[in-house]
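Here the structure is laid out as structure tokens; the discussion comes afterwards.
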Amino acid sequence: MKNNEVADLLMQMSLLSEAAGEDRFKAIAYRKAATTVRDLSEDIENVWRENRLLDLPNIGEGIAKKIDEYLRTGNATFIDKLKARVPEGALELMNVPGVGPRTAYKLAKQYGVKSVEELERDLEAGKLTDELGKQASTRLLEEVRKAKYAEKRMLLPEAEAIADEITRYMEHNNIEVITAGSLRRGKSTVGDLDFLSTTSGSGDVLVRFPGVDTVIEHGPKRTSVRLSIGTQVDLRVVEPSHLGAAMMYFTGSKDHNIALRNLAIEKKMKLNEYGLFDSSGNRLAGRSEEEVFSALGLSYIPPELRENRGEVEAAQSNNIPKLLEMKDIRGDLQVHSTWSDGEADIRTMAEAARRLGYEYLGLTDHSYSMRVANGLSEDRFRNQWKEIEMLNDELAPFRILKGIELEVRGDGSLDFERKFLEEFDYVGASIHQGYRQSPDKLTRRALEAISNPSVDILFHPTNRLIGRREGHQLDIPKLIKAAKDNGKILEIDGQPDRLDLDEVWARRAWEEGVTLAVDSDAHSPDQLEFTKYGVLVARRGWLTSKAVLNSQSLKDVLKNFK
DNA sequence: GCCGTTTTCGGCCCGACTGTTTTCAGTCG
């Protein structure tokens with residue numbers, strides 16, 4: 001499946017177009033097309049084969065032709081052609097904060113600056129001072145020096161920890177802040193941290209936060225700082241009466257905001273961070289988000305859905321689903337103990353699960369070919385079951401389920417025979433091994449596992465590790481169809497660096513009638529809470545409690561496993 | 001480059017902050 005490849009290509013076109021000094025709306029058009037392809041929940045090659053490229057939003061004749069060339073020939077001559085018009089170095093220079101397309105183009109074209117390194121040298125030597133001005137070049141030099149430590153997106157727990165620290169610091173100074181941005185939307189990775197405050201002067205407090213390295217800008221309404229760990233923090237100060245509109249603006253996403261503002265324009269109104277206004281400038285709403293949505297003729301859109309993926313249309317027809325909540329979760333179906341690679345014994349894990357209010361815990365230690373994880377043989381599983389049965393007598397009505405994380409081996413075979421597998425309460429299959437195999441082979445293995453009568457759930461289907469390893473390039477629509485045809489469950493793994501399936505595919509799966517499981521994949525009692533990150537993915541995938549197996553009672557879950 | 005319940009041409013979200021900036025372009029969120 002080449003969705004990500006095509007999206008990357010279009011994104012590259014967007015950047016090149018900027019760096020070539022073209023009309024900026026061209027770059028915006030490429031970026032929008034890239035988003036369309038990235039958010040697509042079907043195989044772009046299918047769309048192309050069926051001549052439906054032009055049916056996709058933001059893809060017209062020009063871009064369709066380029067996608068066609070790439071998928072037909074594997075070449076992208078349009079990239080090379082555009083590259084030839086970009087002055088050498090301009091693309092790289094745009095990575096420096098404060099350097100946009102205009103400055104990059106000028107630096108590269110007029111002053112022959114060919115790289116960030118050269119820019120640093122020239123600035124230090126004072127070569128560009130006359131052209132750029134003294135303050136600008138000093139400031140730029142600072143940015144260049146930091147640009148080397150290119151900031152990376154954070155996983156959710158890290159982002160939450162930093163946001164908490166800042167929130168506590170502000171509170172300590174009697175300032176209440178509200179978290180907005182991608183963290184509020186529950187996005188799986190977070191770049192910047194965004195806060196709102198209704199206390200004037202709170203920017204002055206933020207710039208004194210001990211973790212601040214640089215003040216990027218500091219005005220009465222907006223303050224931006226960079227922490228020494230590289231994270232950018234933005235604070236917006238607003239009047240209490242503007243808070244709702246400001247929260248919407250600062251929560252984003254950008255594309256969602258644009259969609260809302262365009263809707264306002266259609267209705268002869270104007271939406272900005274101060275409120276919703278009619279054509280004569282009278283304010284119609286703004287104090288709360290609910291008020292603004294309502295005045296726009298929309299039902300409330302939860303932050304997790306604000307990605308311009310159809311939520312505005314759904315809110316217009318009152319079709320926003322009641323999203324899954326943490327309190328709907330009644331058990332966990334992927335958990336490990338010291339029997340394989342977990343850090344705590346079964347009793348400790350079970351007691352922790354009970355404290356979370358769960359009714360059941362699916363214990364899924366690894367099968368034996370997962371040697372690095374101390375995978376269990378048939379004999380060891382039988383011994384484990386004795387311990388489980390003893391604990392179940394003691395902890396009833398709480399129930400520990402006899403599960404397994406069954407390895408799908410490199411050749412597609414399973415670790416155990418069907419007869420033995422039938423003795424488990426349920427079987428989850430995983431593909432860890434052989435991830436360098438071709439996409440076709442990996443897809444075949446996954447399909448075999450899913451259609452195997454012994455298997456109930458496919459755990460973390462793509463096996464991605466965010467920031468470290470891209471997932472298997474599986475044909476996921478095929479996988480979803482196989483799950484549907486065989487009545488199997490697909491998992492959303494809650495480990496913060498997995499979150500697999502992701503929201504786009506989880507949504508597609510449920511639309512196709514496939515039930516999902518939202519698990520923690522915990523290897524310690526604390527990690528049972530990772531389920532909350534899985535719930536965020538589920539919410540971002542438009543899932544209701546009905547879509548999720550482990551929001552059902554123990555009895556119903558067991559019925560599902562037959 | 002895309003798009004159209006006023007448009008096939010002329011728009012494309014809207015506003016804060018910075019700078020050698022006295023009316024605005026560039027950048028960013």
Side-chain angles (χ1 to χ4, degrees), chain A residues 10-11 13-14 16-18 20-36 53-67 78 82 93-107 129-140 142-143 180-182 184-185 190-196 203 207 215-226 232-238 242 245-277 296 308 312:
Chain A
L10 293 172
M11 206 50 216
M13 283 301 281
S14 173
L16 285 167
S17 170
E18 281 191 318
E22 291 190 321
D23 177 34
R24 68 190 182 95
F25 291 107
K26 256 194 195 185
I28 291 173
Y30 280 119
R31 185 185 63 78
K32 282 173 154 174
T35 307
T36 296
L53 284 175
L54 289 175
D55 296 346
L56 298 178
N58 306 312
I59 292 180
E61 299 281 351
I63 290 180
K65 247 178 90 179
K66 293 181 172 68
I67 296 177
F78 47 93
L82 188 51
L93 294 175
M94 285 196 305
N95 288 327
V96 179
V99 178
R102 300 280 164 198
T103 314
Y105 186 81
K106 200 166 88 177
L107 283 170
T129 313
D130 288 346
E131 287 83 358
L132 298 171
K134 185 150 172 43
Q135 275 191 48
S137 51
T138 308
R139 192 184 170 79
L140 202 52
E142 272 176 35
E143 291 294 352
S182 52
R184 179 164 182 241
R185 300 201 309 279
V190 175
D192 302 341
L193 295 176
D194 302 301
F195 294 97
L196 275 161
V207 301
V215 177
I216 300 168
E217 62 182 32
H218 180 33
K221 294 179 177 171
R222 201 171 75 195
T223 299
S224 284
V225 299
R226 185 154 30 246
Q232 182 171 329
V233 179
D234 301 318
L235 174 72
R236 185 72 196 243
V237 183
V238 299
H242 301 151
M247 279 173 71
M248 288 170 69
Y249 158 71
F250 225 36
T251 298
S253 66
K254 180 183 172 135
D255 289 340
H256 169 87
N257 284 347
I258 291 174
L260 286 188
R261 287 172 180 201
N262 282 327
L263 177 67
I265 292 169
E266 269 175 43
K267 293 178 178 278
K268 310 270 184 231
M269 298 189 268
K270 183 174 79 166
L271 177 63
N272 59 27
E273 58 265 51
Y274 299 105
L276 182 68
F277 302 85
L296 277 169
N308 194 29
V312 178

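All chains are named by letter (A, B, ...) in the order of the sequence lines, taking the proteins before the strands, and each is independently numbered beginning at 1.
- The pair A:Arg185-A:Asp194 fails the salt-bridge criterion, with no side-chain N (NZ, NE, NH1 or NH2) lying under 4.0 Å from an Asp/Glu carboxylate O.
- Of all non-hydrogen atoms in A:Val190 and A:Asp192, the two that sit nearest each other are CG1-O, 3.3 Å.
- When rounded to the nearest whole Å, the span between CG of A:Leu132 and C1' of B:dT21 equals 15 Å.
- With respect to the salt-bridge test (charged N to carboxylate O, under 4.0 angstrom), the residues A:Glu18 and A:Arg31 do not qualify.
- A:Tyr274 comes within 4.0 angstrom of the backbone, heavy atoms only, and of no base.
- A:Glu266 comes within contact range of no nucleotide atom at all, as no heavy-atom separation falls under 4.0 Å.
- Counting non-hydrogen atoms under 4.0 angstrom, A:Ile216 reaches nothing in the nucleic acid.
- Residue A:Thr103 places at least one side-chain N or O closer than 4.0 Å to OP1 or OP2 of B:dT27.
- No engagement by A:Lys32 is indicated, since no non-hydrogen atom pair under 4.0 Å with the nucleic acid exists.
- Taking atom CG of A:Asp255 as the reference point, atom P of B:dC13 lies 11 Å away to the nearest angstrom.
- Atom CZ of A:Arg261 sits about 5.5 Å away from atom CG of A:Leu271, to the nearest 0.5 Å.
- Separating the P atom of B:dC14 from that of B:dT21 is a span of 30 Å, rounded to the nearest Å.
- Rounded to the nearest Å, the gap between the C1' atom of B:dC9 and that of B:dG15 is 28 Å.
- OP1 and OP2 of B:dG29 both lie 4.0 Å or more from every side-chain N or O belonging to A:Lys254.
- One distance of note links CD1 of A:Ile59 with CG of A:Leu10; it measures 6.5 Å at 0.5 Å rounding.
- Atom-to-atom, CG of A:Leu276 to P of B:dC14 comes out at 12 Å; the value is rounded to the nearest Å.
- A straight line from CZ of A:Arg31 to C1' of B:dC13 spans 11 Å, rounded to a whole angstrom.
- Remark: P of B:dC13 and CD1 of A:Ile28 are 7 Å apart, rounded to the nearest angstrom.
- Nearest to the side chain of A:Asp192, among B:dT6, B:dT20, B:dG29, sits B:dG29.
- Rounded to the nearest Å, the gap between the C1' atom of B:dT6 and that of B:dG10 is 14 Å.
- Under 4.0 angstrom from either OP1 or OP2 of B:dC28 there lies no side-chain N or O belonging to A:Gln232.
- For B:dG11 and B:dA16, the C1' atoms lie 24 Å apart once the distance is rounded to whole Å.
- Rounded to a whole angstrom, the distance from the P atom of B:dC3 to that of B:dC13 is 14 Å.
- Its glycosidic angle being more than 90° from 0, B:dT20 falls on the anti side.
- In a base pair of the Watson-Crick type (N1 to N3 plus N6-O4 or O6-N4) or a G-U wobble (N1-O2 and O6-N3), with each distance short of 3.5 Å, B:dT8 is matched with no nucleotide.
- Between A:Gln135 and B:dG19, a side-chain N or O to OP1/OP2 separation shorter than 4.0 Å is present.
- Within the 4.0 angstrom heavy-atom criterion, only backbone atoms of the sugar-phosphate kind lie near A:Lys221; the bases stay farther away.
- Contact annotation: the side chain of A:Val238 never approaches that of A:Glu273 to less than 4.5 Å [non-hydrogen atoms, C-beta and beyond].
- Between the C1' atoms of B:dT20 and B:dG26, the separation comes to 15 Å (whole Å).
- Comparing B:dT18, B:dG1, B:dC13 against the side chain of A:Ala29 picks out B:dG1 as the nearest.
- Looking at which nucleotide of DNA chain B each of A:Gly98 and A:Lys66 is closest to, the 5′-most match is held by A:Lys66.
- Residue A:Lys65 is classed as having no contact, given no heavy-atom separation below 4.0 Å to the nucleic acid.
- Considering only side-chain N and O atoms, A:Lys134 lies nowhere under 4.0 angstrom from the phosphate OP1 or OP2 of B:dG19.
- Counting only heavy atoms from C-beta on, A:Pro101 has its side chain closest to B:dT27 among B:dG15, B:dG29, B:dT27.
- Spacing between B:dG19 and B:dT7 at atom P, rounded to whole Å, works out to 46 Å.
- For the pair A:Tyr105 and B:dT27, the criterion of a side-chain N or O lying under 4.0 Å from OP1 or OP2 is not met.
- No engagement by A:Leu260 is indicated, since no non-hydrogen atom pair under 4.0 Å with the nucleic acid exists.
- Atom CZ of A:Arg24 and atom P of B:dC12 are 9 Å apart (whole Å).
- Where A:Tyr249 and A:Asn262 meet DNA chain B, the nucleotide closest to each residue was compared, and A:Asn262 sits on the side nearer the 5' end.
- The side chain of A:Glu217 lies closest to B:dT18, out of B:dT18, B:dC14, B:dT27.
- Taking side-chain N and O atoms only, A:Asn257 has no distance below 4.0 Å to OP1 or OP2 of B:dC13.
- Nearest heavy-atom pair, A:Ser17 versus A:Lys26, reported as atom, atom and distance to 0.1 Å: OG-CB, 3.8 Å.
- Here B:dG15 presents its C1' atom at 8 Å from CZ of A:Arg222, a figure rounded to the nearest Å.
- Taking only side-chain atoms of A:Phe25, from C-beta outward, the nucleotide of B:dG15, B:dT27, B:dG1 with the closest atom is B:dG1.
- Note: CG (A:Asn95) to C1' (B:dC28) measures 15 Å, nearest angstrom.
- For A:Pro220, taking side-chain heavy atoms from C-beta onward, the closest of the listed nucleotides B:dC13, B:dG15, B:dC17 is B:dC17.
- Residues A:Arg222 and A:Asp234 are not in side-chain contact: their nearest non-hydrogen atoms beyond the backbone lie 4.5 Å or more apart.
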